[in-house]
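Below, all heavy atoms of this structure are taken into account, side chains as well, without hydrogens, waters or symmetry copies. Starting from 1, each residue takes its place in the sequence as its number.
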Amino acid sequence: MDMDNNDILIRLRYALDIRDAEMVKIFKLGGVEVTREEIQKLLIKTIDSDEDDDEPIEQDNIPCDNFMLESFLNGLIIDRRGQQEQKPGQVERPPMMMKSHDSVNNVLLKKLRIALKLTSEDMIDILNDVGVDISKGELSALLRKEGHTNYRICGDRYARNFLKGLGLRYRK
């Protein structure tokens with residue numbers, strides 16, 4: 001089953017042991033105002049409708065789109081590392097890097113690497129902890145800018161296992 005953004009948010013919250021009030025604060029740092037009640041609804045897994053049944057499944061969740069997820073990740077970076085000061089003459093970074101569903105996992109890895117001050121070796125170790133072998137070159141391809149000749153799309157397997165490894169590391 002593919003991971004959707006709600007699933008990523010749920011796994012990330014668990015892995016880093018983030019409470020509801022802290023999630024509200026992180027979203028706000030990323031430029032999105034949400035209430036505790038909305039956080040609860042964002043943390044409900046999205047249910048696919050049953051193929052045999054034409055009835056849509058009623059569900060009280062809020063779908064987490066790319067903008068919301070990336071805003072949360074940006075807020076997490078600010079929360080963990082502080083607000084970055086704009087240098088004179090510095091071009092402002094494009095605020096959103098998620099161009100499509102395909103880039104979500106790549107951006108997730110990049111932004112978690114920044115927020116948690118991880119080196120490539122740290123990331124390789126986190127994946128190794130959950131039984132996933134990845135070379136430095138493969139990891140580098142996942143962290144490259146979209147459009148680079150060596151850029152590779154990060155599949156759900158790497159993202160899911162990375163979040164699982166973060167849980168092992170941060171929930172001790």
Task: Verdict with supporting geometry, F72 and L9, side-chain contact (heavy atoms from CB on, under 4.5 Å) - done: CA-CA 9 Å; F72 181 79; L9 207 55; 3.7 Å; yes

Open item on the list: With side-chain contact (heavy atoms from CB on, under 4.5 Å) as the criterion, how do Y170 and D17 come out once you've worked through the C-alpha distance, each side chain's angles and the decisive distance to 0.1 Å?
Closed with: CA-CA 8 Å; Y170 287 93; D17 198 16; over 6 Å; no

Open item on the list: Give me the atom names and distance for the closest heavy-atom approach of L69 to C64.
Closed with: N-SG, 3.7 Å

TODO: Could you grab the distance from atom CG of L108 to atom CG of L142, nearest 0.5 Å is fine?
DONE: 11.5 Å

Task: Nearest-0.5 Å distance, CG of residue L16 to CZ of residue R169 - done: 12.0 Å

- [ ] Determine, stepwise, if the pair R152 / E138 fulfils salt bridge (charged side-chain N to carboxylate O under 4.0 Å, His left out).
- [x] CA-CA 8 Å; R152 296 288 170 265; E138 288 172 306; over 6 Å; no

- [ ] Give a yes-or-no answer on whether the side chains of D65 and N5 include a donor-acceptor pair shorter than 3.5 Å.
- [x] no

Open item on the list: Using the side-chain contact (heavy atoms from CB on, under 4.5 Å) definition, which of the options M23, E22, R19 pairs with I39?
Closed with: M23

Open item on the list: So K117 and R80, do their side chains get closer than 4.5 Å, heavy atoms only?
Closed with: no

Open item on the list: If hydrophobic clusters are built from ILVMFWY residues whose side chains come within less than 4.5 Å, do I153 and L112 share one?
Closed with: no

Task: N/O donor-acceptor pair under 3.5 Å between N6 side chain and L42 backbone - done: yes

Task: Rounded distance [0.5 Å steps], CZ in R11 versus CG in L43 - done: 13.0 Å

- [ ] Measure across V132 and N128 and return the closest heavy-atom pair with its distance rounded to 0.1 Å.
- [x] O-OD1, 3.0 Å

Open item on the list: Are I114 and L166 connected into the same hydrophobic cluster when the rule is that any two of I, L, V, M, F, W, Y join if their side-chain heavy atoms are below 4.5 Å apart?
Closed with: no

Open item on the list: How long is the straight-line distance from CG of L127 back to CG of L109, given to the nearest 0.5 Å?
Closed with: 7.5 Å

Task: Approximate separation, where rounding is to 0.5 Å, of K110 NZ and K145 NZ - done: 8.5 Å

TODO: State whether the number of non-hydrogen atoms from other residues, nucleotides or ligands found under 6.0 Å of Y14 atom OH is greater than 12.
DONE: no

TODO: Ignoring hydrogens and angles, state whether a donor on the side chain of T119 or D122 is under 3.5 Å from an acceptor on the partner side chain.
DONE: yes

Open item on the list: Show, in sequence, the C-alpha distance, side-chain angles and deciding distance for S103 and Y151, and conclude whether the side-chain contact (heavy atoms from CB on, under 4.5 Å) test is met.
Closed with: CA-CA 11 Å; S103 64; Y151 171 84; 4.0 Å; yes

Task: D156 side chain vs M3 backbone, donor-acceptor pair below 3.5 Å - done: yes

TODO: Considering non-hydrogen atoms only, spot the tightest contact between M123 and L139 and give its length.
DONE: CB-CD2, 3.8 Å

Task: I126 side, atom CD1; K164 side, atom NZ - distance, nearest 0.5 Å - done: 14.0 Å

Task: Cluster link F67 to V104, ILVMFWY, side chain under 4.5 Å - done: yes

Open item on the list: Applying a strict under-4.5 Å side-chain criterion to I, L, V, M, F, W and Y, I'd like to know whether L12 and I78 cluster together.
Closed with: no

- [ ] Would you check, one step at a time, whether the test side-chain contact (heavy atoms from CB on, under 4.5 Å) holds for F162 with N105?
- [x] CA-CA 10 Å; F162 187 74; N105 291 337; over 6 Å; no

Task: Pair R13 + D20, salt bridge at N-O below 4.0 Å - done: yes

Open item on the list: Is there a side-chain hydrogen bond (donor to acceptor under 3.5 Å, both in side chains) between K111 and N74? Walk through the geometry before answering.
Closed with: CA-CA 7 Å; K111 295 203 177 215; N74 290 340; 2.3 Å; yes

Task: For the student: nearest non-hydrogen atoms of I26 and L76, plus distance - done: CG2-N, 3.3 Å

TODO: Check R113 against S120 and note the closest heavy-atom contact, atom names and distance.
DONE: NH2-OG, 3.2 Å

Open item on the list: With no hydrogens and no angle check, just 3.5 Å: does a side-chain donor-acceptor pair link T149 and R144?
Closed with: no

TODO: Inspect the contact between R81 and D79 and indicate whether a charged nitrogen and a carboxylate oxygen are less than 4.0 angstrom apart.
DONE: no

Open item on the list: Taking L29 as the starting point, is it possible to reach V24 by hopping between hydrophobic residues whose side chains are less than 4.5 Å apart?
Closed with: no

Task: Nearest non-hydrogen partners of E33 and E38, listed with the distance - done: O-OE1, 4.1 Å

